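This report concerns only the one structure given below.
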Amino acid sequence: MKKDDKKLPAPLNKPRPSIENQALALPAPRPGRTNGAAKTLDRGTLFLEKRREARYPTNDPAAVEVINGGAGQFSATVLDVSRSGLRLKLDSSINRGAEVKITLQRNIVIFGQVRYCRPLDGNFDVGVLIQDMAQNSGQPSPHIEDDLLSLYVIGKGLTVPEVIKLKEHLVNCEACRVRLGEKDALINPVRKRKLPNAPVDPADD
C-alpha cells in the first residue's frame, strides 16, 4: 500500500442531534430578533426544557379524596411537583391505580392516578400522575411576576399551583421565556453541567 493510499481514521466527533430535535414541542422563535435577545430566549427555553419534568420541592398542605379504587379522605403534604406528577406524604396507604382528587390552596383541584404507595418513616410516600387540573378563578393570569421567575430559577419558594401554572405559561409565552433566560443568566452566571441524581418522577414509576 502506498503512503498516499493509507486509510485515515474515522471521524472522532460523531454528528449529534440538533437542539431543535432534542427539544420538546415549543413554539419556534420569531424572526427578526437581535443576537442578544435570541440568545436570552434560547437560554430561557433550554432552562425550561431541563426543568419541565424536574421535581420542584414544596411543603403544601392538601386534602386527598379517593374517588375510584378505594374510599376515604386523607390529609396530606405535597413534597414536590413536576409538570406531570405530584409526590405526597400521607399517614395512610392508598391502592396503586386509585383515582384521586387532590384539593390544594387557592381553590386548585387536581385529578390524578396513584402510581405507587411506599412506606416512608412511619408514613407513606405516594406518587400521583396528574390527569387534569381545575381552578376557580376569574380572568386568565398575566405575564409571570419577576419574583416568581426568580424563585423558579432558584428552585424553592413556590407553591404547587404556582409551579404548575408557571410551567404551563412558559411553554406558551415567548416573552416570559426571554425573561426566564435573563433571570437564569443573572442568578446562575456559570451553571455546572453535572447535576445531582434526582429521585424518580411519580409519572415515570
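Reckoned from all heavy atoms, side chains included, excluding hydrogens, waters and symmetry mates. What you see is a predicted model, and the numbers here were worked out from it, not measured in a lab.
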Inset, instruction - Count the heavy atoms of every other residue, nucleotide or ligand shown that sit under 6.0 Å from CD of Glu145, and state whether that count exceeds 12. - result: no
Legend entry - Side-chain heavy-atom pair Ile130, Ile164 within 4.5 angstrom cut-off: yes
Inset, instruction - Could you grab the distance from atom SG of Cys176 to atom CD of Glu182, nearest 0.5 Å is fine? - result: 10.5 Å
Legend entry - Shared hydrophobic cluster, Ile102 / Leu79 (ILVMFWY, side-chain heavy atoms < 4.5 Å): no
Legend entry - Interatomic distance, Ile67 atom CD1 to Glu99 atom CD [nearest 0.5 angstrom]: 6.0 Å
Inset, instruction - Please tell me if the side chains of Val114 and Asn95 come closer than 4.5 Å, counting only heavy atoms from C-beta onward. - result: no
Inset, instruction - Check whether any side-chain heavy atom of Tyr152 sits under 4.5 Å from a side-chain heavy atom of Glu162, and report yes or no. - result: no
Legend entry - Distance (rounded to the nearest 0.5 Å) between Leu104 CG and Asp60 CG: 7.0 Å
Legend entry - Rounded distance (nearest 0.5 Å) linking atom NZ of Lys101 with atom CD of Gln73: 8.5 Å
Inset, instruction - Would you check if Arg179 and Asp146 make a side-chain contact, meaning some heavy-atom pair closer than 4.5 Å? - result: yes
Inset, instruction - Examine distances only and state if a side-chain atom of Tyr56 and a backbone atom of Lys156 form a donor-acceptor pair shorter than 3.5 Å. - result: yes
Legend entry - Side-chain heavy atoms of Ile108 within contact of Thr159, under 4.5 Å: no
Legend entry - Approximate separation, where rounding is to 0.5 Å, of Ile144 CD1 and Lys167 NZ: 12.0 Å
Inset, instruction - Apply side-chain contact (heavy atoms from CB on, under 4.5 Å) to Thr58 and Leu158, showing your working. - result: CA-CA 7 Å; Thr58 59; Leu158 296 177; over 6 Å; no
Inset, instruction - Under the side-chain contact (heavy atoms from CB on, under 4.5 Å) rule, what do Ile94 and Phe124 come out as? Steps first, then yes or no, please. - result: CA-CA 9 Å; Ile94 298 181; Phe124 291 90; over 6 Å; no
Legend entry - Phe74 versus Ser93, closest heavy-atom pair with distance: CZ-O, 4.4 Å
Legend entry - Main-chain N/O of Leu170 paired with Arg177 side-chain donor or acceptor, under 3.5 Å: yes
Legend entry - Aromatic plane relationship, His143 with His169 - under 30° parallel, 30 to 60° tilted, over 60° perpendicular: perpendicular
Inset, instruction - Apply side-chain contact (heavy atoms from CB on, under 4.5 Å) to the pair Val128 and Val100, showing each step before the final yes or no. - result: CA-CA 8 Å; Val128 177; Val100 293; 4.0 Å; yes
